[in-house]
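All heavy atoms count here, side chains included; hydrogens, waters and symmetry mates do not. Since the structure is predicted, the reported quantities are computational estimates derived from the model, not experimental observations. Quick note on labels: first sequence line is chain A, next is B, and so on, each numbered from 1.
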Amino acid sequence: MSTISTALRNFKEPTKEQLTQIFFSLPTVPSDLSENASEQPEKMEINAVLSLGDGEEDSYAGKLHIMPPYLAFTSLDRKSVRFTIPLSTIRRVERLNARAGIYALSLLTWHGMKIIVQLTSLRPTADLFCSMLRDSLKVELQKGHMKLVKSFVKTCYSEELVSSSSNVADNEREDGSLISEEKENPVPRESTYHGGLGLKFKFPGDPKKLRESSKIKLWTTYLRTHGRNLTLMRYPQCTRLVQVGLPNRLRGEMWETLSGSIYLRFSNPGYYERLLKEHDGKTSISTEDIEKDLHRSLPEYAGYQSEDGIGALRRVLQAYSFKNPELGYCQAMNILAAAILIYMSEEQAFWLLEVLCDRLLPGYYAPSMHGTLLDQRVFESLVQRCLPIIHDHFQAVDVQLSVASLPWFLSLFINSMPMVFAFRIVDCFFCMGPKVLFQVGLAILKINGEALLQIQDDGGFLNLMRDYFANLGESAHPQSADPRARAITRFQELLLVSFREFSVITDETILSERKRFRSEIIHSIESFSKRAAVRNLKTLGRFTKEQAGLIYDALYKAMCIVPPPPTVAPPPTLLTTRDSGEEKPETRIGLRTFQYFLSEVATWARDEKIVMNGFQQRVDREVAEHEFIDRLFFFWDIACRGALSFQDLVSGLDGVMFNDLMENIEWFFNLHDKNKDGYLTKDEVLTLSESFLFIFRYEVGDAYLGAVSRFMTNAFEYGDALLPQPESKPGEERELLSPPPVASNQPYLNLATFRMVVLADEILESFFETDLSASFKLQPLPEMELPISSGGLLGDIWSTIATDSNKKMFNMFTDEIGKTIGKHQVVHKPSIGRYTKLEEPKARESLLTPAMRKSPSRTSLVSVSESTVAPTVSAASTSTLNVTIPTAESNKALPVVPDSAALSALPMIQAANAALMERTPFAIDDAKDDADDDDFFADDDDNDDDQVMDEVDAFLEAHDSGLTDADKKVANDLLHAEPVK
Amino acid sequence: MADAASGSTDKSVQVKLVLLGEAAVGKSSVVLRFVSNEFQPNKEPTIGAAFLTQKCRLEDRVLRYEIWDTAGQERFHSLAPMYYRNAQAAVVVYDVTKASSLEKAKSWVKELQRQANPNIVIALAGNKVDLVQSSGASSAGPASPESEDEADDATATPGETPGSSGTEPDSLRQVPKEEAQAYATEAGLLFFETSAKTGEGIVDIFTEIAKKIPLEHILAASRGASGRSGVGRASGTQQEAVNLQEDANKPKDACNC
Ligand SMILES: Nc1nc2c(ncn2[C@@H]2O[C@H](COP(=O)(O)OP(=O)(O)OP(=O)(O)O)[C@@H](O)[C@H]2O)c(=O)[nH]1
Ligand SMILES: [Mg+2]
């Protein structure tokens, strides 16, 4: 009753290109719209200086990327400024008339925002870039994507905001040309924008306290000048506005914009609805699990006490499980989905969930939850580096960090702290990425540092955390004489500490730490599931736990190489409610995987060639294919499912590996008795002989061949002699091809006769006595190579050299040379290897006197066989063993690699430590001590707008535009430049 | 608030107890009933694990249960060892209306017996018996005052049909009491059928565990690890100690530790 997954083995570190895509939140899945382009669209990046048309913002030097159908920019520091916009939102591109040597473009978006980019690379590069841009724009136009923009943005609340508030005309800008343009079409506005349950059931929190209207005002101003939804330019102000908390009505859309899920929604119109329709009425384990949790997701929120909310939640979770059945549904996803549905429509939530599970929280909700475990390990290591005193204390009192931190990460703090606070962390998370979780986590520990040093056990830790979260709204400095300091809440303090003191934790830190621990985590998950699988066996048979573990290893390896088809639950009708043992999905392997498995445990199920070419000696192993193996597969498939479980394999092997002579003969007989009537037909006798020949195919000398031909002769002789039919004459002729007295598919040879025939031959007898059982070998497999996960240069080079195909090439190469110099030699490795010389034992004279023919007494036969076979056993075991060494050698170069990963992480850590040195550990910052905090709150308490602004200012960071004064002047001039005619 | 236990009177013994079992069988509800004598029809699924404490008075001594309530979904399984390490007691919960949940319970028991603290006291609890009792039959337990109708229409429990009083309720039962009892006896577990909703059998589990736990042993061990100052902050969720004698109106003999 266990599922075995090899998914973790398939992990590949993202390429540089993928990292760029991730950075710009670009969809990685081929979207509906771009699928026909079989050839990858070309990509290019170029140095550029970005300015905005209205000149409100500084100019920033950075890199401009064209990755059709997107155009993206990031400032050099990769955090101050960035944007990702679909090309289809660009309406006009003009080359600007500027000073000699300056190459600048003006891009006009559909809503009239002017983006000015000065291409600062060499001229030919700039020309190339321009022509690529032109071509890609043309493609978008031809595909008709330009037309989609207008209808899409109608679903965005920001458009409503920007246009409606310009009607309100509270504070117009002088350069309002584009805004007045918008004003010209005050269409009777029926609200077409998407929104969440909050519109109907209210948003959590008190709007007055949250200062909603001030925030909306600030955002409206920002969005009007910096683009919105598909065209949002992210300047430092944007990040700061996010850090003080998104306004409820805009929150959902900003989440999808900041996380990039908006691009998925934009490029896959109608997908969500179709997916639901296609799977209408389908059930699965996931849908069952979802059903259980629907009423258990933020139950205190009014929306989820009504069918509106429950239905939306059900559809979104189900749709995701249909889209990604391998992941399906994991508890905690219900919390996330319920949370985001308060702020966004089902379709928006569906795509955001996709981005969450796929990109932002990779592997968190997978069946093995490897991402969760990995990030917990990463978090622990960051705590060790950044807060060593706390870490040491936890070690000393044996407190596990994850008992508290695991739910933080898994449900984005949503059920750890009051929702209004959790959502503000979520705001930052979507804006700044997964590092936020680590930053906030570290800040929580740091702020509670002194108390944490007092705790003695896991329970104390959790209680402390619970109390802290329950009081996040309280003043952080209640004793302070300064009213402004008193006004700072614990939550504000938390964010400040997170982003100021732990800004050293970057995306790169997280990535490199993940690399460092990935294989450790994979190994521990794998050994855990191995233990569980062995424990869950209904019976071990005669195997020890260790032996069962070896069988598991062979199975696991086979599954890595020949992955079985994804497990499908049997249709519910086949399930009887009481037979609950079968309700759980169980990993089963098909014939192809089985062949591989068997080649690991049975010597005759593989073709092994010992190759010597003068340079190396190696064993080339291939999986053998033969009807005999298929037969075994179906023989072990007791439940007739066409697939074998781990248990089937264990029981199957148990049925042959411990057998004595008689049991083996019977086992072999039964294996070939297809209809299990106790008789072999003539056909089956022939197949059985073929099985012999298959098993013996690589034995040295003719001994086995002789034995098999004697077997056939005898089988048909005695078979005919013992036939029940009276009319069959006891024919003297012994040829195989003599006309059969019974049809070839009629019962012919029973077990007793078979036994006699076998025991008439010394070779076959010893085969059944020991060799058959011994041909199954459970040996520890060499450690399988994990996907190389070290980041160092060395690791990369090695992993590119040491691919399988390269090894093959090396082998081929040396083989060729070997052939030229005459040293190439290939020997098949025998499966049994009893006879290494060409000498062979003489055929034994028939032991079967006619008197014995009727009923051979079992005991008498046993004693005979024992005496004859014993001496040869030792020879068999020595001759098979000595060949495995060369393959092992070729794998051995690896262990050097992992260390280099540790090195690459170091500078970051040092930086982190250096940053911490400046502060006394655990001191809670008093606002008065810190110059930055002085204007944290305005004196005028009534002025909400100012307050928000001040809060925003608290997040001010130094931003480096990467430009000299001269550069800035050039950029500024461009704002007024005319297009080239 | 006044937490006597944290003052570590010598008589108070800490017992770490872990709850395991399939998703939605009612682990968190059982704990909630025991700790606060409440029932919430829609409890959020447990993510990772929840931690609660409750004191019990047993004869002359006070027991302080530190309860780890774990997540039930299969994929959280690999996290469980983190929570059951060093546990002195475990309550493995299944749902009497769901046969597969007993299988899962058995596999938990197996895992605990092989993997956990060797002296661990394990109790098996067949929860949600209220669903298989004809209405009004449940007599035991401190039935909470909150309306049970409300619970009925909101619970997502499979098979819980509104108006089930008319149909024969026992048809919902998928695990016969005898079967579970026989298994429990064979595996050496304490066994109860319980209802977090009505309160039936809940306190009994914890009482019987308390009686079976080798308290002297634990006391000795924790005295060894001195310096255990009572920092386990009195949290708001801590109730007054449950008086076991009263609730489980049975005469208690001195505990057999
Ligand atoms: N009728 C009835 N319903 C119950 C009982 N106990 C729990 N439930 C309901 O069953 C559902 C699941 O209960 P939980 O306590 O959250 O289950 P859990 O085992 O903690 O679930 P996970 O945390 O997901 O593992 C809830 O809707 C409860 O209201 C009971 O004794 N009777
Ligand atoms: Mg729970």
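Between B/Ser107 and A/Asn536, the shortest heavy-atom contact is CB-OD1, 4.1 Å. Pairing each heavy atom of A/Tyr365 with each of B/Arg75, the nearest pair is O-NH1, 2.6 Å.
Of the listed residues (B/Met82, B/Arg85, B/Lys16), the one with the most heavy-atom contacts under 4.5 Å to chain A is B/Arg85. Counting heavy-atom pairs closer than 4.5 Å to chain B, the top residue among A/Ser297, A/Pro367, A/Ala338, A/Ala332 is A/Pro367. Among the candidates B/Thr46, B/Leu102, B/Ile47, B/Ile67, the residue making the largest number of heavy-atom pairs closer than 4.5 Å to chain A is B/Ile47. Per-residue heavy-atom pair counts under 4.5 Å with chain B were compared for A/Ala404, A/Ser368, A/Cys330, A/Ala366, and the maximum is reached by A/Cys330.
Side-chain contact between B/Glu111 and A/Arg531: absent, with no pair of heavy atoms (C-beta onward) separated by less than 4.5 Å. The shortest distance between side-chain heavy atoms of B/Trp68 and A/Leu462 falls below 4.5 Å. Using a 4.5 Å cut-off on side-chain heavy atoms (C-beta onward), B/Gln14 and A/Asp457 make contact. B/Gln115 has its side chain within reach of A/Arg535: a pair of non-hydrogen atoms, C-beta onward, lies under 4.5 Å apart.
For a residue to count as touching a neighbouring chain, one of its non-hydrogen atoms must lie under 4.5 Å from one of that chain's; by this rule A/Leu298 touches chain B with backbone and side chain alike. If you measure heavy-atom distances from B/Tyr83 to chain A, the contacts under 4.5 Å come from the side chain alone. Of the two parts of B/Glu66, only the side chain, counted from C-beta on, holds a non-hydrogen atom closer than 4.5 Å to a non-hydrogen atom of chain A. For A/Glu300, the part sitting under 4.5 Å from any heavy atom of chain B is the side chain, from C-beta outward, and nothing else. Neither the backbone nor the side chain of A/Phe461 comes within contact range of chain B; no heavy atoms are under 4.5 Å apart. Heavy atoms closer than 4.5 Å to chain B are found in both the backbone and the side chain of A/Ser402.
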Problem - Pair A/Arg296-B/Gln40, side chain to side chain contact (heavy atoms under 4.5 Å, CB included): steps then yes or no - result: CA-CA 10 Å; A/Arg296 308 206 285 151; B/Gln40 290 172 6; over 6 Å; no

Candidate pair B/Ser78 and A/Ile525, rule side chain to side chain contact (heavy atoms under 4.5 Å, CB included), full reasoning:
CA-CA 8 Å; B/Ser78 64; A/Ile525 293 176; 5.9 Å; no

- Carefully, step by step, assess A/Asp398 and B/Asn86 under the rule side chain to side chain contact (heavy atoms under 4.5 Å, CB included). CA-CA 11 Å; A/Asp398 192 23; B/Asn86 311 327; 4.0 Å; yes

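Panel note: side chain A/Gln331, backbone B/Pro45; no donor-acceptor pair is recorded below 3.5 Å.
We find the CD-CG distance between B/Gln73 and A/Asp289 to be 5.0 Å, quoted to the nearest 0.5 Å. One distance of note links CZ of A/Arg466 with CG of B/Leu52; it measures 5.5 Å at 0.5 Å rounding. One distance of note links CZ of B/Arg114 with NZ of A/Lys545; it measures 5.0 Å at 0.5 Å rounding.
Applying side chain to side chain contact (heavy atoms under 4.5 Å, CB included) to B/Phe51 and the options A/Val403, A/Asp458, A/Asn463 leaves one that passes, A/Asn463.
Within a 6.0 Å radius of NZ in B/Lys110, more than 12 heavy atoms belonging to other residues, nucleotides or ligands are found.
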